[in-house]
Enquirer: 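First, the structure itself, so that you have it in front of you.
In what follows, every heavy atom counts, from backbone to side chain, and hydrogens, waters and symmetry copies are set aside. These figures come from a predicted structure and were not determined experimentally. All chains are named by letter (A, B, ...) in the order of the sequence lines, taking the proteins before the strands, and each is independently numbered beginning at 1.
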Protein chains: 2
Amino acid sequence: MTVKVDHEERRRQIAEALLRIADTEGLQSASMRAVAAEAGVSLRLVQYYFTTKEGLLLDALARLGAQLQARMERWIGEARAPREVVTAILSCILPTDAESRRITRTYAAYYTLVLGDTAVLAKQAAQPPAVLEGFLAKQLRAAQEAGRIDARRDVGTAAAGLLAMVNGLGSSVLGGQRDGEEALAILTYHLDELFRTP
Amino acid sequence: MTVKVDHEERRRQIAEALLRIADTEGLQSASMRAVAAEAGVSLRLVQYYFTTKEGLLLDALARLGAQLQARMERWIGEARAPREVVTAILSCILPTDAESRRITRTYAAYYTLVLGDTAVLAKQAAQPPAVLEGFLAKQLRAAQEAGRIDARRDVGTAAAGLLAMVNGLGSSVLGGQRDGEEALAILTYHLDELFRTP
DNA sequence: ACAGGCATGATACGGGTGTACCAGGAGAAG
DNA sequence: CTTCTCCTGGTACACCCGTATCATGCCTGT
């Protein structure tokens, strides 16, 4: 049997339509019909590739995660010193450019969904932050052993705090209380404090 | 003309039913009918007191804000030294006890709503954080002038960062990645760092 | 060439949503 | 006692949702 059309390509096209809607209008506006219209296909097709809506939501979330990871690897790739890696990890999540604003907004759209859901979706979204925190802590420890961070600092706790702060800063930017630039400035200030050796 | 029933009391009763649902099942489950059932009144009554759903949502949000403010004033009231005030401000937002978990969860339920909304609701929710940040900065400045914080610190930026961090920590607790206790420990660690004098 | 199955389109179904409408009860004012 | 206004209940309307069903096209392996 041969595939007339590229299945994966179709799935991608539809899932990205979902993400586009989630970004611009929020997930509550992302009905099956709306996604179909946005993707330029029939409603039946959306049902065909993702049997249920939950399936579509899950698949799109996985793609969003992949996009974020790709972006992060791109940012980290340009970094050399440990501190630059740390800055890359944290600032690439901040909604400073169009891409990160889109990703952050879409993640925020999912946020409420995963809260009221004890099911798999919660587990799906709870893993990335944990491994990210571990990675960040490892980088901080490296910087600490290189003497760029005070040896008395608890880098694990610092990593958790920084990640939470970036998350909160992102929310404030999305809420319109702050500029992306301002958020970045606040982050840089705290990194300066952390990387201060006595 | 006399009021057969206390209007304000009825409004409160209905609005709190909405908040209860938003807390336990999320705002998307808070239909007019569900709110009516939860409050033990007829659907028509909900319509009568809050003509439209947006009105109900707005009123309930205002009440939630008042609850949070009351809680904060209660916590601040027990504080004496400037550092205790700072700790009170920040930790009272963290979902550590039942009340704050309820408030935080309900706020989170509103979060997505205000994002996809350019209208009044966004303005309604954007003000409190700003004044809170100003207040926190003022407390930090006081502590700084009292010599408890290094004079070279930028307390304004520190306040913004701390608030964002608490916000992010709250999200992580709600997401189930962390315990309320752990979040509090992370916050305390960073406060210790901030209040370290050379 | 032709049969089989994958891919797609149109439409139906049951349910839930916010809001609007109509009717009646109860108390105060005349 | 009547009348009028405030309050409350029941119910209808139009719409949108996710999913299921039926029908048909078209490619492909033999």
Enquirer: Give me the residues of residues 11-20 of chain A where at least one heavy atom lies under 4.0 Å from an atom of DNA chain C, by number, or none.
Expert: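 Close to the strand, none.
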
Enquirer: With sequence neighbours left out, what residues match B:Arg20 under salt bridge (Lys or Arg N to Asp or Glu O under 4.0 Å)?
Expert: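 Counting only residues at least two positions away or on another chain, B:Arg20 forms a salt bridge (Lys or Arg N to Asp or Glu O under 4.0 Å) with B:Glu38.
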
Enquirer: Remember a base hit wins even if backbone is also touched, and classify B:Thr51 as base, sugar-phosphate or nothing at under 4.0 Å, heavy atoms.
Expert: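 B:Thr51: no heavy atom of the nucleic acid under 4.0 Å.
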
Enquirer: Mind checking the CG-CG spacing from B:Leu18 to B:Leu56? Nearest 0.5 Å is all I need.
Expert: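 The CG atom of B:Leu56 is 4.5 Å from CG of B:Leu18, to the nearest 0.5 Å.
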
Enquirer: Taking 4.0 Å as the cut-off, does a side-chain nitrogen or oxygen of B:His7 come that near to OP1 or OP2 on D:dC6?
Expert: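 Answer no for this pair, as no side-chain N or O of B:His7 is under 4.0 Å from OP1 or OP2.
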
Enquirer: To the nearest Å, give me how far apart CG (A:Leu27) and P (D:dC17) are.
Expert: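 In whole Å, D:dC17 P and A:Leu27 CG are 14 Å from each other.
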
Enquirer: With B:Glu99, which residues qualify under side chain to side chain donor-acceptor pair (under 3.5 Å), at least two apart?
Expert: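 For B:Glu99, the residues satisfying side chain to side chain donor-acceptor pair (under 3.5 Å) (neighbours in sequence not counted) are B:Arg71.
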
Enquirer: When you compare the protein's N or O atoms with those of nucleotides 9-16 of chain D, which come within less than 3.5 Å of each other, and at what distance?
Expert:
from  : atom 1 : to      : atom 2 : distance (Å)
D:dG9 : OP2    : B:Ser42 : OG     : 2.8
D:dG9 : O6     : B:Arg44 : NE     : 3.2

Enquirer: B:Gln28 has an atom CD; how far is it from atom P of C:dG16, in whole Å?
Expert: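 So the CD-P distance, B:Gln28 to C:dG16, works out to 16 Å.
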
Enquirer: Side chains of residues 26-34 of chain B: which donor-acceptor pairs under 3.5 Å do they make with residues two or more places apart or in other chains?
Expert:
from    : atom 1 : to      : atom 2 : distance (Å)
B:Ser29 : OG     : B:Glu25 : O      : 3.3
B:Ser31 : OG     : B:Ala34 : N      : 3.1

Enquirer: Please, which pairs that meet salt bridge (Lys or Arg N to Asp or Glu O under 4.0 Å) have at least one residue in residues 188-198 of chain A, sequence neighbours excluded?
Expert: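 Those involving residues 188-198 of chain A are A:Arg83-A:Asp192, A:Glu193-A:Arg196, A:Glu193-B:Arg153.
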
Enquirer: Provide, to the nearest angstrom, the distance between the CD atom belonging to B:Glu8 and the C1' atom belonging to D:dC7.
Expert: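 From B:Glu8 CD to D:dC7 C1': 17 Å.
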
Enquirer: Tell me, please, which residues at least two apart from B:Asp23 pass salt bridge (Lys or Arg N to Asp or Glu O under 4.0 Å).
Expert: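 B:Arg105.
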
Enquirer: What is the distance, to the nearest angstrom, from the NZ atom on B:Lys53 to the C1' atom on C:dG16?
Expert: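 Distance check: B:Lys53 NZ to C:dG16 C1' gives 11 Å.
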
Enquirer: Taking only residues two or more places apart in sequence, or in another chain, which ones meet A:Arg152 in a side chain to side chain donor-acceptor pair (under 3.5 Å)?
Expert: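 With neighbours one apart ignored, the set is A:Asp150.
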
Enquirer: B:Arg141: which residues meet the salt bridge (Lys or Arg N to Asp or Glu O under 4.0 Å) condition with it, sequence neighbours left out?
Expert: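 If we apply the salt bridge (Lys or Arg N to Asp or Glu O under 4.0 Å) test to B:Arg141, skipping adjacent residues, there are no hits.
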
Enquirer: What's the OH-P distance between B:Tyr49 and D:dC6, to the nearest Å?
Expert: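 Value for this atom pair: 13 Å.
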
Enquirer: Within the pair B:Tyr48 and D:dC7, is there a side-chain N or O less than 4.0 Å away from OP1 or OP2?
Expert: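 For B:Tyr48, the contact criterion (side-chain N or O under 4.0 Å from OP1 or OP2 of D:dC7) is met.
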
Enquirer: Can you confirm whether the side chains of B:Gln13 and B:Glu9 place a donor and an acceptor under 3.5 Å from each other?
Expert: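 No pair is found: no donor N or O on one side chain lies under 3.5 Å from an acceptor on the other.
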
